[in-house]
Amino acid sequence: MSNRLADGGLIDRGRRLRFRFDGRGYEGFQGDTLASALLANGARLVGRSFKYHRPRGVFAAGVEEPNALVTLLGQGRREPNARATTTELYDGLVAESQNRWPALSVDLMAVNGLLAPLLPAGFYYKTLFGGPGWRFFEPWVRRAAGLGKGSTAPDLDRYDHKYAHCEVLVVGAGPAGLAAALQAADGGERVMLVEQEPRVGGSLLWDRRTLDGRDGPAWAEAQAQALAAMDNVTLLRRTSAFGYYDDNLVALVERRTDHLAAAPAFTTRQRVWWVRAKRVVLATGAIEQPLLFPDNDRPGVMLAGAARAYLNRWAVKLGSRAVVYTNNDTAYACALDLAAAGIEVAALVDLRPAPDGPWPARLAEAGIALLAGHRLVGCRGGQSVHGVEAAPVNGGAAKPLGCDLVAVSGGWAPAVHLHAQAGGRLGYDEALGAYRPGPVRQAHESVGAATGMFELGQITGATVDDGDASPVGPGVEPAPGKVFVDLADDVTAADVELAQREGYRSVEHLKRYTTLGMGADQGKTSNLAGQSLSAKARAESNAAVGYPSFRPPYAPVTIGALAGADVGLRFVPQRRTALDDWHRRHGAIFVDAGHWRRPRAYLRNGETLEDAYVREAAHVRQSVGIADISTLGKIDIQGPDSLELLQRVYVNDFASLKVGRARYGLMLREDGLAGDDGTTARLGEHHYLMTTTTGHAEHTLSRLEYHLAVDWPELRCVVTSVTEQWAAIAVAGPSSRDLLREVLDGVDLDDVPFLAVADVTLDGVACRLFRISYSGELAYELHLPAGFAEAAWTRLLSAGDGLGVAPYGMEAMGALRIEKGHVTHAEMNGQTGAADLGLGRMAKAAKPHVGRAMSQRPALTDAERPALIGLVPTDGTTDFKGGMHLLREADVTPAPSLPVDSLGHVTSWSYSPALGMPIALALLNGGLAANDGATVYAHDPMGGRVVRARVVSPHFYDPKGERQRG
Amino acid sequence: MRYSAWSLLREAFGGHRGWSRVWRDPEPQARYDIVIVGAGGHGLATAYYLAKNHGVRSIAVLEKGWLGGGNTGRNTTIVRSNYLLPENNRFYEWSLQLWEGLSQDLNFNVMFSQRGVVMLAHGPDQVDALTRRGNSMRLNGIDAEWLDRQAMQDFVPQLDYSDQARFPIAGGLLQPRGGTARHDAVAWGFARAADSLGVDIIQNCEVTGFNIQGGRVRGLDTTRGYISCEKVGLAVAGHTGHLAGLAGLRLPIESHVLQACVSEPVKPMFDTVVSFGRGHFYVSQSDKGGMVFGGDLDGYNSYAQRGNLPMMSHVAAAGVSMFPGLSRLKLLRHWGGIMDMTMDGSPIITESPVGGLYINGGWCYGGFKATPGSGWVFAHTLATGKPHPLNEPFTLDRFRTGHLLNEGGGGPVPNVH
Amino acid sequence: MFLIPCPHCGPRAQTEFHYGDDARRTRPADDAGADAWFDFTYQRDNPKGPHREYWQHVAGCRAWIVVERDTVTHEILSAAPAKAGT
Amino acid sequence: MADATSALTIVTFPGRFGRLDQGGPGLILRERRGLRLTEVAAWDATGLDLPGPNASAPLGDGVALNIGPDRWLLVDTEASPDNAAVVDQSHGRVVLRLTGAAVREVLSKGCPIDLDRFAQGDVAATRLGPFATLLHGIEGGVDLYVARGYAQACWEWLTDAAGEYGYEVPIP
Ligand SMILES: Cc1cc2nc3c(=O)[nH]c(=O)nc-3n(C[C@H](O)[C@H](O)[C@H](O)COP(=O)(O)OP(=O)(O)OC[C@H]3O[C@@H](n4cnc5c(N)ncnc54)[C@H](O)[C@@H]3O)c2cc1C
Ligand SMILES: NC(=O)c1ccc[n+]([C@@H]2O[C@H](COP(=O)([O-])OP(=O)(O)OC[C@H]3O[C@@H](n4cnc5c(N)ncnc54)[C@H](O)[C@@H]3O)[C@@H](O)[C@H]2O)c1
Ligand SMILES: Cc1cc2nc3c(=O)[nH]c(=O)nc-3n(C[C@H](O)[C@H](O)[C@H](O)COP(=O)(O)O)c2cc1C
Ligand SMILES: [Zn+2]
């Protein structure tokens, strides 16, 4: 640590930490940041610039840092673009520099710097599209752009979220925030104080002030302790407020383990807080702005406040000879601090012709030369600054000043980001050369330096020393040369002027054309300077130029943190039926249905999916199978007007449905297209149980609730979801009755005709039996309280052993229903109406119902519309495929003339165990009426396959329905 | 001045002093033949093709803010023609073909990058639905390829193929010619080209009212004075409903916020465009290096052009769940745009019940890719008073007759498309 | 994420609710004719400013409520049960 | 038939888990099994004195929770309201009892309501992460009701959230 001052600083010299940067080992102290530790080791060069690959050093001491971005490595982790200035040092930290090849000190990509004349702002809009074209140039441009390298490996860390509520949220624990928090907490209200740094104090950590007789850091710590002692206060360190949203919702990100060599178990790396505050106090301080001069990007040029931070907070001896360059009083203390630390100050160069007040005198007292009315016109150096040239602002000879450190202050801009995100307006303050917070839209106020107020006594109410300094100062016209406005994105003054000349006049065009303020720092130290240049070029005020919108996040936020804990397998919660675990244990492969998972098939030794479903489906046709159909939506409907509700939502009639009977029903949406279907049973005089499809269950419930609340509040009736209460098991096949006879009590199954409902018991548990058939076989659906589902299921399996019972999954269910021509969501896809699905007759009931009016529209009643048909391969063997299009023969020639009109498409297909061949359902223009018996070609151009097929009725199997009634 | 490597070289020696202005900043004239409202990509493209293809000489484009500042300047730049319905895929394919020659035509590099667009399929239903779509594309002469799971893994190895994926990838529908373009450049390229053909682009000029007499539009009130004209073309995207309201019309359109975001720049790590429909997530990497991604609509009517936390958090969760490498990157900025959502999810490019007033809107999530095609057919419609065959289906009347263009089958609720 | 003052539960995060539709429309009678139905089903005022709309408190009390909300600022001007008397 | 099967069978193991070096488990988590749950939904006056919004009240041997306008959940008690549907939900919802010092900390990881203001006897139908839940304030903790189909995922969510405070699943 060659450049560490002998004493001072807020570091723990007792705790040495080892770290590596670009493969070299270094040491630092507890309390260092990576930036301060690198500087303390004399490592100046920390990165290469975005576009020209110029050598760059640490420029700032906080989130505003534009240059010092590194990649953090270690323990299977890789994080590009970490700011060295906010990365707390820990033992074993490993970092590497970015955007250089092959190495930081010898970066061959620096050739871009030589080509700079060819690469002005937006050069890529003017070229690279001719010749071999963008396709050729783009990969080069992409490789040159970007900063660090990301990793595609899964993140080994976890993240979480937390909601919090408080009366007052104070953002920033500098003097202003500490004072505001204490004041608010006194009233007993819930107060949250959040600070992005690991320590409270803000500017007091480096500004060497005394308050109430204590030095700044001690005063701040005392305030923090007073706050910590109150149980209505939450103080969060390492926590940044990054977004200010509607209704005073402020988003924070807390870095919980990033500063630790090893994170404690069960602790997330970062946490996003969603804080709902009655009132927000923004005590976010101010961000120092630079002054522009040629080659102002050399390592060793840094903000004056940052220089003081490295000196005072981290005890870094930044160089041996410094020049301080300023337009305002605040940097005088920098010169004094440098001198006090034993660094020679070649001169303080002040733009102002005659700076007054106490500071020039203090400078003189310390024997530091003042060059008033001067500006810097040059800066020499390579991988480090060697010297600068100062010249009178009004013209005159330049004077070289040898130095290895240039501390710059162009004044301080209030950190108005959150204020602006919240919808607050900003007002440009000509004297300050920055925006101040203006009128607000939400409940927040700004205090302290965030308003441009720099009087410490007034901000804190404490008795303070005479160290106040005003940030007010004039602007400067940079001397000609390579003047960097935006270090993060390598935007120069020439780029800004070029944009202006070319007519990119709006501040948003300026931003987008030059990329000013679009880098990782979002222009925290460059936007204002760029806007000022633009204003000068336009001979207009800064206020007229304006500013681009402020958007969250205030500083970049880890995407994993925003995502929180519900990622990976937990991204969408898994909904499980009561039989889920049984399926899992018995070889089920699952398929998603809404949030549910359902068994697709139960694979036995070595079976393929097709083997399994064909076996399962055949089984149902031959003996008996059982299936878990618990995911069907179930809605209990009660009240005197229940029937009226059904009459209004279903297209078909329910008035004639008797108690103890069930009926299939079809619902349309308001636009007249099919919405949902299912069976509804009448359980009592004013009591119905509606079933819905799995996918539409929630929507249908919600629509019923909507109709009852909004459209028909006069109906006395209530709907209640009982989907979760009842498990449901389909028992299907010629032996289903025999099987049920074995296990059910309380009913004579011969008295349960097709579409009847019966109350039964199974081992003493009250269940409901519905004689409903989806498979077309003699079949039942048994509804039973979910907790008994597994017992009932295994009971059915053991009781049916002799009958050869077997479970069947979704795929077999699909095969069975396709054989029967029943539609599901593949056909009821939101583009089909009742008639298209072959359900037109149901809608003939002369009663108003949802969707009736719109279903009469011409296009929906057109006989040429696609309608449901069946398909069989003319060769009796070739498989179909979902998503095949139906074409005329002429259109399936090897080279048809495109475009080709599709006549329809295959919606579902299966191998039919009953028919012994592949079959399909399809929607075909004109439907069966126009095409019965016709030959069509089912074409899968992507798969390169055509199936010659015959159009048949979609009811392939037992079209009269004799088996289900049997 | 024409842009080329040579002009750049020449200017490099002259300190870049010789570049001409990209567009003028004219004062509005009292009268134009055709006024386009909205200097987004669509408005500017319309003006350009009106001048270029139809020889119209008196055109103004009025923009309430800065040109390109609407959705054109804030979209995730995906260009594709992978639609299901022939009406849509033919229109978008024509647009895609225009994209393929756009940089040359405009003499402005719009950085159209044909890096491919993949839509992921998970369950068997999605495989069928995307197969149907890809096949429809092929029947219309559009490139489409099916990638099975293994092919997906080869093509986009960055996605999660492990047993930690909540929605395992079954395959994907790839359109190789799809890709991205530099959104701002599209607005600027069209603006520069239109300006050079004499189109007046007038920024900071908000249309505040219509002068309609005898059922015909005669002129417009604007914040920069009254402008009379023969015909008006609305191309105001999220503000279509609002402006139609000023002209006394109600439309089957609602305005909703769609959000997007960008990460800090990183070296190339993602070379195509992926959309993960099941998780409402899609992602690509900008040439600058930012991962650009977004998700679903916020779901309620809004004219607030800003983002919010729940949707961003959800988008991040979907992103990390499908593309785990996103987790340790950092979000740089997030924002919103106001979407003109129609009731069937397809656009409207048509005459209106008011004589001389034409509407181009209802672009939902997908109007950026339509930019050149939309300008082409809207210019045709404005110039001839009749639709181009490609925009014939995109009428207002279709909602009345039921000839809906509903790709996904969602009902008449915008937030389901 | 604005707050919606649910008349039953009190102020709750917007994420507990599901947006329904424009509440200025009323469902026409079945025989009101094609125009009325077209208007109801498809046409929207889509105002920039106060908007009356239905929301359902899906993750809460499940009530459907009518909210008046500014579509530009998201400020909620009023909220009441959709069904009178609840 | 035997006892009903718990929806949590494969995830509940008695014991202490997570971080326990900070003064013991912050959360004690168990399933309340065998409760009788009845949903009452009224289309008109019930004729009963049932609790108002966000509140609960003792009823018979059990308690009635207001869960929405004209809707109540009766826990281990019964009632015969007029003009109302009375629907069994005993199997439809899983009830978890959360007690211990860290209950609020854990719930606040997914629940957007102001839990500081949620007192004993209060009822809130609200979200917990991705789940729609019903919270009932009890002495020293909260009873959490969640749909059976999500119960396992919700349990996993809670135990994950509780890891940093340590949690205990008592022997039933
Ligand atoms: C986050 C997001 C992601 C998207 N992603 C994609 C994508 O990946 N691919 C894709 O194809 N599409 C995408 N879109 C959609 C696409 O951006 C738009 O459909 C398209 O850009 C619309 O272009 P436009 O020219 O019609 O509208 P805009 O660019 O919005 O232009 C309309 C202009 O009209 C102006 N205007 C409004 N009112 C007035 C008035 N009264 N007077 C004068 N001027 C007025 C506005 O200021 C604006 O500049 C996305 C949109 C968003 C918001
Ligand atoms: N001498 C100087 O150059 C100089 C410069 C700046 C401030 N000051 C002095 O500081 C005093 C003002 O104090 P103050 O408290 O207003 O400002 P401050 O800069 O001291 O404190 C602001 C605090 O807010 C934190 N912060 C900012 N944004 C945040 C966010 N989004 N989330 C979390 N934390 C955030 C910062 O880390 C910092 O600790 C004045 O007396 C002024 O004179 C002096
Ligand atoms: C494709 C794309 C890439 C972007 N990349 C960046 C970026 O690298 N840096 C940045 O600051 N903003 C980037 N933005 C965001 C813009 O700065 C801006 O937020 C967005 O265009 C919306 O405008 P607004 O924030 O002014 O409302 C990008 C936007 C898009 C659409
Ligand atoms: Zn509620």
Side-chain angles (χ1 to χ4, degrees), chain A residues 79-81 117-118 120 124-129 134 138 141-142 145-152 154-155 245 251 498 502-503 506 508 512 520 551 556-560 562-563 566-569 571-572 591-592 669 671 829-831 857-860 882-883 885 898-900 902 905 941-942, chain B residues 3-5 8 12 16 19 21-23 66 69 103 108-109 111 113 123 128 131-132 134-135 138-141 144 146 158 164 166 184-185 264-269 287-289 308-309 313 316-317 320-321 324-335 401-403 406 409-412:
Chain A
E79 180 184 349
N81 304 343
L118 281 172
Y124 31 72
Y125 299 125
K126 297 183 173 124
T127 180
L128 306 184
F129 55 90
W134 184 240
E138 187 186 34
V141 171
R142 285 189 67 196
L147 282 172
K149 285 198 193 68
S151 155
T152 55
D155 193 342
Y245 302 96
L498 176 65
E502 291 194 86
S506 154
E508 295 283 2
R512 288 160 161 81
R551 298 280 179 219
V557 175
T558 303
I559 292 167
L562 262 183
D566 293 324
V567 295
L569 282 175
F571 164 51
V572 167
V591 60
D592 263 295
R669 309 188 301 215
D671 66 357
N829 59 7
Q831 296 160 335
R857 283 180 288 171
L860 272 64
H885 283 258
L898 300 173
V900 156
S902 165
H905 75 282
M942 288 196 299
Chain B
Y3 292 161
S4 67
L8 189 67
H16 298 286
W19 296 112
R21 286 194 60 161
V22 273
W23 47 75
W66 41 284
S103 294
F108 201 100
N109 189 359
M111 302 186 188
S113 165
D128 286 0
T131 303
R132 178 184 172 201
N135 282 338
R138 290 282 281 260
L139 295 177
N140 285 290
W146 186 258
Q158 297 88 341
Q164 290 303 297
R166 174 69 176 83
D184 293 324
E264 291 180 341
V266 285
K267 291 291 176 197
M269 68 184 282
D287 285 338
K288 188 160 181 266
N308 61 46
L309 194 54
S313 169
V320 167
S321 300
L326 268 187
S327 185
R328 279 187 108 81
L329 303 186
K330 292 190 283 300
L331 187 85
L332 178 61
R333 190 172 169 100
H334 78 83
W335 62 91
T401 61
H403 291 97
N406 194 334

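Letters go in sequence order (proteins before strands), and every chain restarts at 1. Since the model is a prediction, treat every value here as computed from it, not as a measurement.
For S506(A), the part lying under 4.5 angstrom from a heavy atom of chain B is the side chain only. Only the side chain of L498(A) comes within less than 4.5 Å of a heavy atom in chain B; its backbone stays farther off. Both the backbone and the side chain of N829(A) come within contact range of chain B, each with at least one heavy atom under 4.5 Å from a heavy atom of that chain. Both the backbone and the side chain of V22(B) come within less than 4.5 Å of a heavy atom of chain A. Only the side chain of R669(A) comes within contact range of chain B, with at least one heavy atom under 4.5 Å from a heavy atom of that chain. For chain A, the nearby part of D184(B) is the side chain; its heavy atoms alone come within less than 4.5 Å. Proximity to chain B is limited to the side chain of Y245(A), based on heavy atoms less than 4.5 angstrom apart.
Rounding to the nearest 0.5 angstrom, the gap separating the NE2 atom in H885(A) from the CZ atom in R132(B) is 6.5 Å. Remark: H905(A) NE2 to D128(B) CG distance equals 8.5 Å, nearest 0.5 Å. Of the inter-residue distances, the one linking D155(A) atom CG with L326(B) atom CG reads 10.5 Å to the nearest 0.5 angstrom. To the nearest 0.5 Å, atoms CE (M111(B)) and CZ (F129(A)) are separated by 10.5 Å. One distance of note links CG of L562(A) with OG of S313(B); it measures 6.5 Å at 0.5 Å rounding.
For the set P324(B), A316(B), G289(B), the count of heavy-atom pairs under 4.5 angstrom toward chain A peaks at A316(B).
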